[in-house]
Structure formats: C-alpha cells, structure tokens
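Everything on this sheet refers to the single structure shown next.
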Amino acid sequence: MTIQTPGRICLFGEHQDYLGLPVIPMAISLNSQIIGERSKRKEVIINKPDLNEMESFSLDDLSYTHQRDYFKSGIKACQDEGLTFSQGFEVEVTSNIPLQAGCSSSSSIMVGWIHFLSQMADEPIDWQPDKIAQLAYKAEVVEFGEPGGMMDQYSTAMGGLIYLESEPNITLSSLKPIPGAFVLGDSLEQKNTLDILQRCKDNRLDISNKLKNDNPGFSLHSIKITDIVNFTKFLTENEMELLRGTVKNRDILREALSVLQSGNPDYELIGNLLTDHHAVLRDILKVSTPKIEAMLEAALKTGALGGKINGSGGGGCMFAYAPENPDAVAEAIEKVGGEATIIRQVEGTKIVFLK
C-alpha cells in the first residue's frame with residue numbers, strides 16, 4: 001500500500017495558531033510517501049533512504065528510545081482509539097518536501113503514518129481526514145509537549161486551501177482555490193524550529209496571561225488594535241510591540257479571509273497582504289534572515305504579487321505568489337542562492353495504491 005501526503009505553506013496566521021488564533025494554510029504539490037506491507041513478525045521496520053537510515057522496533061515494546069519518537073507515538077495514538085496490530089510491517093518513507101524548512105515535512109509523514117496504520121490494523125478503518133489530523137496532532141505535539149499548533153496536521157490531512165480555527169472548538173472550512181502558481185524558495189539555511197517556536201510562543205502567552213490577570217475579559221480574539229495603548233501600565237515597550245504585531249497579523253488574516261470568501265476575490269490584494277504579514281514576522285517577531293529577505297526582494301522585483309517567510313523562520317523557506325510568471329520568479333530566487341520549486345494547491349493525504 002502507498003500513502004501520499006502533501007506538505008503545506010501558511011498563507012496567513014503564521015506564528016498565530018499556537019495562540020489559539022485562526023490560520024489559512026494551503027496543501028502544496030510536494031509530498032511524503034509511505035510504501036509498506038504487513039510482515040509475518042511483530043517487528044516494525046522503517047526504511048528512510050533519503051536519510052540513509054533504518055529504524056526498527058517490536059510492537060511488544062513501544063517505550064520511547066529517542067527524542068520525538070514519532071513512529072511509536074503514532075502507533076500508540078491508534079491503539080488508544082481501539083486499533084490492534086497483531087502483525088508488524090515494513091515500510092519505506094520518502095519525501096520531496098524540504099526537510100526542516102517550514103513546509104511541514106515531519107507532520108506530512110506523521111499524517112501519512114496515521115493513515116497507513118489505519119489500513120494496517122487488524123480491523124482496518126477508513127477515518128475521515130479530520131480524524132487523521134486529530135490523531136497526528138496528538139502523536140506529534142501533545143505526546144511530546146511540543147510548542148506547535150495544529151495547522152500542519154489539519155492542512156496536510158485535509159488538503160486544499162482551508163480556514164482553521166482551534167478555539168473555542170476546532171472548526172474548519174474549505175476556501176476557493178487561489179488561481180495560478182506559487183514559487184517556494186528554500187534558503188538552505190538550517191533553523192532551530194523548537195527554539196524559535198518556544199521563544200515566540202512563550203513570550204506572547206506570558207503577555208496574554210499577564211493581561212488576563214488584571215483584565216479577566218482580555219482576549220486576543222476580541223481586542224482592537226486601537227485599544228492596545230490602554231495596556232501601557234501593564235507591559236514593557238517590547239511586550240507592547242509583540243502584542244501589537246500579534247493583533248495586526250490577526251487583522252491581516254481577517255481581511256484576507258473576507259477577500260477569499262468574496263464572489264470576485266482581488267488576488268493582487270491577497271499578494272499585498274502576504275507581504276504585509278511578512279513585514280510583521282520580520283520586524284516584530286524577528287524570524288526572517290538576510291537571505292530570505294534577498295529571495296523575497298528578488299521575487300517581488302520580478303513581478304510576484306507578494307510573498308512571505310514560511311514556517312517558524314530563522315532560515316528554511318519563503319514563498320511568492322506568482323500567477324503570471326512563476327518561471328521567471330523561480331529563476332530570480334535561484335540567482336540569489338535559493339532553491340526554487342513551482343508549487344500548486346493539491347488534495348490531502350490519500351491512498352494511491354492498495355493491494
């Protein structure tokens with residue numbers, strides 16, 4: 001059996017979902033692939049040719065032996081849902097999603113793994129994509145106490161362009177596809193995802209909790225940007241800037257959602273809003289790099305309608321919306337040292353071969 005699962009880019013809501021704020025991600029035409037079959041033993045063998053690695057363990061011992069032991073946690077998440085596995089399996093995991101570059105390479109594999117396990121169980125079950133996403137989030141984030149939100153799992157499982165809210169309940173809706181191509185640019189700069197997420201998340205959660213102590217009705221969902229000045233006696237200048245940036249990006253997403261839901265979307269405006277979103281990520285959260293800036297500048301000068309850094313930042317990828325000239329934009333990105341790929345919207349995790 002073969003499971004194919006896309007990567008994703010985040011158009012709007014970057015560094016917002018773990019605060020309980022909504023996001024608009026898009027599944028992209030780069031994917032991970034899990035090819036596997038049952039074996040006669042209780043051993044699980046995972047071949048990773050991209051990394052020149054192999055991992056194996058017994059279904060009788062799912063105790064974690066290394067940090068982020070995702071293949072075991074995925075099995076545990078499925079077992080918690082009542083699935084049983086009397087036979088092991090051997091799989092090969094490959095991916096053409098840039099690794100640790102902000103495009104959900106690990107979440108794509110986890111979503112694909114949960115999907116694969118649902119079919120390898122003693123009594124296979126056809127879970128809906130949102131159920132697969134829920135279990136992937138549990139196995140990847142909750143199980144290991146990681147700081148990320150749930151955008152990656154839901155985007156790669158559901159596919160397409162979606163609007164996702166996580167508070168007060170998980171709700172999502174599909175949006176009309178954005179026409180034309182995007183260009184993904186990999187800076188080839190390594191980044192420390194967990195450290196960046198922890199810094200950006202913790203600082204702003206501290207601000208929110210501080211304000212809730214003195215203002216029980218405070219909410220990042222409802223505060224107006226003009227009201228932030230009222231909190232000067234509670235916050236430092238740096239905290240005020242972080243709060244202002246968070247609310248500004250929330251409002252950029254709301255404007256983008258309104259445009260995307262309209263009968264005749266203004267896609268040039270969507271490009272401008274992408275660039276506005278990036279400016280906050282660069283200037284306030286400080287997650288961009290000189291090379292990412294050079295790549296974005298090259299893309300915009302070549303005619304892209306807009307663009308932003310993608311993922312946690314500190315390296316990794318950017319993308320540009322280039323509906324009319326993606327080849328020229330890709331060439332411009334590569335001239336300043338990036339690795340460019342033209343991408344389009346695709347469906348979510350799927351079975352492409354079942355024997």
D251 CG to I223 CD1 distance, which is reported to the nearest 0.5 Å: 10.0 Å

Residues, nucleotides or ligands: over 12 heavy atoms within 6.0 Å of E167 CD: yes

Reported OG1-to-CH2 distance for the pair T349 and W127, which is rounded to 0.5 angstrom: 12.5 Å

Closest non-hydrogen atom pair, I114 against G74: CD1-O, 3.6 Å

Any donor-acceptor N/O pair, R38 side chain to A121 backbone, under 3.5 Å: yes

Side-chain (R8) to main-chain (Y154) donor-acceptor, under 3.5 angstrom: no

Identified side chain to side chain contact (heavy atoms under 4.5 Å, CB included) counterpart of K248 within the set I228, V280, I284: V280

Which residues share a salt bridge (charged side-chain N to carboxylate O under 4.0 Å, His left out) with K138, sequence neighbours left out: D80

Heavy atoms from other residues, nucleotides or ligands near NZ of K131 exceed 12 (cutoff 6.0 Å): yes

K72 side chain vs S63 backbone, donor-acceptor pair below 3.5 Å: yes

Residues F57, I45; criterion side chain to side chain contact (heavy atoms under 4.5 Å, CB included); working and verdict: CA-CA 7 Å; F57 54 87; I45 299 173; over 6 Å; no

Pairwise distance CG(L117) to CZ(F89) - rounded to 0.5 angstrom: 5.0 Å

Pair W113-T5, side chain to side chain contact (heavy atoms under 4.5 Å, CB included): steps then yes or no: CA-CA 9 Å; W113 181 235; T5 308; over 6 Å; no

Heavy-atom neighbours of N52 CG exceed 12 at 6.0 Å: no

Considering all heavy atoms, the nearest P179-P323 contact: O-CB, 4.0 Å

Test item: side-chain donor near acceptor, S39 and E90, under 3.5 Å: no

Co-membership, hydrophobic cluster, residues I97 and V352, 4.5 Å side-chain: no

Expected output: side-chain S208 to main-chain R204 donor-acceptor under 3.5 Å: no

Atom CG of D126 with >12 non-hydrogen neighbours under 6.0 angstrom: no

Backbone N/O of M1 and side chain of E37: donor-acceptor pair under 3.5 Å: no

Flag, side chain of Q16 to backbone of T246, donor-acceptor distance under 3.5 Å: yes

Member of P98, C103, S104, P6 meeting the side chain to side chain contact (heavy atoms under 4.5 Å, CB included) criterion with L30: P98

Neighbour count above 12 (heavy atom, 6.0 Å) for R254 CZ: yes

Same apolar cluster (I L V M F W Y, side chains within < 4.5 Å links), V44/Y64: yes

Exam field: side chain N310 to backbone G102, donor-acceptor pair closer than 3.5 Å: yes

Residues F234, N215; criterion side chain to side chain contact (heavy atoms under 4.5 Å, CB included); working and verdict: CA-CA 10 Å; F234 301 108; N215 305 271; 3.9 Å; yes

Enclosure of E239 CD (heavy-atom neighbours >12, cutoff 6.0 Å): yes

R282 side, atom CZ; K308 side, atom NZ - distance, nearest 0.5 Å: 13.0 Å

Exam field: side chain S262 to backbone V259, donor-acceptor pair closer than 3.5 Å: yes

Nearest heavy-atom neighbours spanning C317 and L184: CB-CD1, 3.9 Å

Check: S86 main-chain N/O paired with D122 side-chain donor or acceptor under 3.5 Å: yes

E43 backbone acceptor or donor facing S58 side chain under 3.5 Å: no

P22 to E165 - nearest heavy-atom pair and separation: CB-CG, 3.9 Å

Minimal non-hydrogen separation, S118 against L83, with atom names: CA-CD2, 3.9 Å

CD/E237: more than 12 non-hydrogen atoms of other groups inside 6.0 Å: no

H115 versus Q4, side-chain donor and acceptor atoms under 3.5 Å: no

Atom pair CD/OG of Q33 and S95 - distance to nearest 0.5 Å: 10.0 Å

Cation-pi geometry met for K210 and F231 (6.0 Å, 45°): no

Least distance between heavy atoms, F144 atom then D69 atom: CZ-N, 3.4 Å

